[in-house]
There are 2 protein chains.
Amino acid sequence: MSSPTTFRDIKTDIMRRIASGEWAPGSRLPNELDLAQKFGAARATVNRAMRELVDDGIVERKRKAGTHVRSVPLRQIRLHIPVVRAEIEEQGADYRYALLHSNIGRPPDWLRARLSLRPQDEVRHLTCIHFADGNPYQLEDRWINLTATPLAREADFSQSGPSEWLIRQVPFSDVEVSFSATAADTEQAENIGCGKGDPLFRIERQTSWQHQPITFVRLIYQRGYRLTSRY
Amino acid sequence: MSSPTTFRDIKTDIMRRIASGEWAPGSRLPNELDLAQKFGAARATVNRAMRELVDDGIVERKRKAGTHVRSVPLRQIRLHIPVVRAEIEEQGADYRYALLHSNIGRPPDWLRARLSLRPQDEVRHLTCIHFADGNPYQLEDRWINLTATPLAREADFSQSGPSEWLIRQVPFSDVEVSFSATAADTEQAENIGCGKGDPLFRIERQTSWQHQPITFVRLIYQRGYRLTSRY
DNA sequence: CAGTGGTCTAGACCACAGC
DNA sequence: CTGTGGTCTAGACCACTGA
């Protein structure tokens, strides 16, 4: 008697059949009960395999309609956005942080629109630099909604960055992130040590939690930075 | 009699306790059996909730050691890298494609090193433009390993791009992707219609399948492009 | 060695949505 | 209306790994 069929076996076999063309894009797979009999497994085991295939963007499922191979496989990656301190220390470099500027006030219009802030909301605005081995690595331009996180009004960001503080205050959040390229303006060029107009990699991220806007941040990386991921 | 506790209920409750500080970062959660009793659910239900929490980067689990709240929550996103045709058409714009250049030969050294190609391997090199409403949207610089995908030697890429062809030939793959900013060189500036030295968003992606290198591609986007995602 | 998570089974009820 | 996936249960065996 051989060991029982695992959900991994089933997943692999189904992927093989899809790759081989036996189950073409758009075609319908047998239902769970039939597959369970075919593989000699319980329906729950087949179900787990199928859920992972959905998760991987390989098939789509609908009640009654059944399971279909996606006609265009969904190209998706799991991107880990590193916390800058950890990223630098993992490279074996020395991490240092500096707060350039901090103030509290009414948000500018573009920010109010972007975060859907109300007229009475105040924000704390911070600009910081993160260094690796003494060289500028990342500029952080951070806005925190004080209505959502009132403790940020008095928090001390002179020794460590607002990211690390926020992640403790708000462990989960809904996030919208965007990646782009930008040209260094005069101030950025000076702070990060590159020429004016040099291409810099930029991440913008706004987070909210339970429909309340928390923070917006713009991260500018040193010249030549790459954000890399495998999947 | 109320309806049974769902894995979602359990997940939500655990997240609430973590957010409230009841289960602090680094602390150990009760084991599955205890949680199952506490929630009045089967162990399998608790297990599913916990597996999702692992997946979301909120907890870590090890046999015997138990389940611990991650001390630094893992910031990860699910990034959907759009197929350029779909991306353009979803914006309601007209998609057009042009092949600029195609040839077959030995790979340059940097590519051989990057993809771990063997001395006898040949590659097909293609450069293409993707247009949105007549404007250059993306430049594609594509290298295909002909040993892995011999059909690419004769394939016709004059009407549609190699991405769409490859995705049909190789539905799954292991991928390494990187995002960065680059300055437009003379040729890129001309092709994409921007100034030389302008900052451009770049994606580089190399894919393999079953330890065999398939392709390397460098995508350069029009000025001002943003890759955006929610999670 | 023993506690913990990893997984499978067989059966059940249910919700949704195509037919 | 009925087929299909979505989920829960109770129980079992096993594999890893920390104490």
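Protein chains get the first letters and strands the later ones, always in sequence-line order, with residue 1 at the start of each. Bear in mind the structure is a predicted one, so any value in this text is a computation, not a measurement. Every heavy atom of this structure was used, including side-chain atoms; hydrogens, water molecules and symmetry mates were not.
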- Value in whole Å for how far the C1' atom of C:dC14 lies from CZ of B:Arg8: 15 Å
- With sequence neighbours left out, write down each residue that passes side-chain hydrogen bond (donor to acceptor under 3.5 Å, both in side chains) with A:Glu89, or none if nothing qualifies. none
- Query: Rounded to the nearest Å, what distance is computed from the CD atom of residue A:Glu32 to the P atom of nucleotide C:dA15?
  - Reply: 17 Å
Which side-chain N or O atoms in residues 34-45 of chain A pair as donor and acceptor under 3.5 Å with protein atoms at least two apart or in another chain?
from	atom 1	to	atom 2	distance (Å)
A:Arg43	NE	A:Glu32	OE1	2.7
A:Arg43	NH2	A:Glu32	OE1	3.2

- Could you list the residues that satisfy side-chain hydrogen bond (donor to acceptor under 3.5 Å, both in side chains) with A:Arg85, not counting sequence neighbours? A:Glu164
- Starting at the 5' end of DNA chain C and moving along, which residue's nearest nucleotide shows up first, A:Gly40 or B:Thr67? B:Thr67
- Item | Salt bridge present between A:Arg48 and A:Asp55 (N-O < 4.0 angstrom) | no
- Not counting sequence neighbours, which residues clear side-chain contact (heavy atoms from CB on, under 4.5 Å) with A:Arg70? List them please. A:Glu60, A:Leu74
- Assign B:Arg48 to base, sugar-phosphate, or nothing according to its heavy-atom contacts below 4.0 angstrom with the strands shown. sugar-phosphate
- By side-chain hydrogen bond (donor to acceptor under 3.5 Å, both in side chains), which residues pair with B:Thr67, not counting sequence neighbours? B:Arg61
- Query: Listed by chain and number, what are the salt bridge (charged side-chain N to carboxylate O under 4.0 Å, His left out) partners of A:Arg168, not counting sequence neighbours?
  - Reply: none
- Note on the structure: Closest to the 5' end of DNA chain C, once B:Leu33 and A:Ala41 are matched to their nearest nucleotides, is B:Leu33
- Task: Could you identify which residues of residues 57-66 of chain B place a heavy atom less than 4.0 Å from some atom of DNA chain D, listed by residue number, or say none?
- Result: B:Lys62, B:Arg63, B:Lys64, B:Ala65
- Within this structure, what is the CD-to-P distance between B:Gln37 and C:dT4, rounded to whole angstrom? 13 Å
- Task: Compute the bend angle of the helix from C:dC1-D:dG18 to C:dG18-D:dC1 from the end axes (five pairs per end), rounded to 10°.
- Result: 20°
- Message: If you take the centroid of each ring, where Trp contributes its six-membered ring, are B:Tyr137 and B:Phe131 closer together than 6.0 Å?
- Response: no
- Message: I'd like to check the side-chain hydrogen bond (donor to acceptor under 3.5 Å, both in side chains) partners of B:Asp94; sequence neighbours left out, ordered by chain and number.
- Response: none
- Quick one: how far along DNA chain D does chain A reach, first to last nucleotide 5' to 3', anything under 4.0 Å to a heavy atom? D:dT2 to D:dT7
- Message: B:Phe7: which residues meet the ring-ring contact (aromatic ring centres under 6.0 Å, His included) condition with it, sequence neighbours left out?
- Response: none
- Message: Please list all pairs meeting side-chain hydrogen bond (donor to acceptor under 3.5 Å, both in side chains) that have one or both residues in residues 17-27 of chain B, counting only residues at least two apart or in different chains.
- Response: B:Asp13-B:Arg17, B:Arg17-B:Glu22
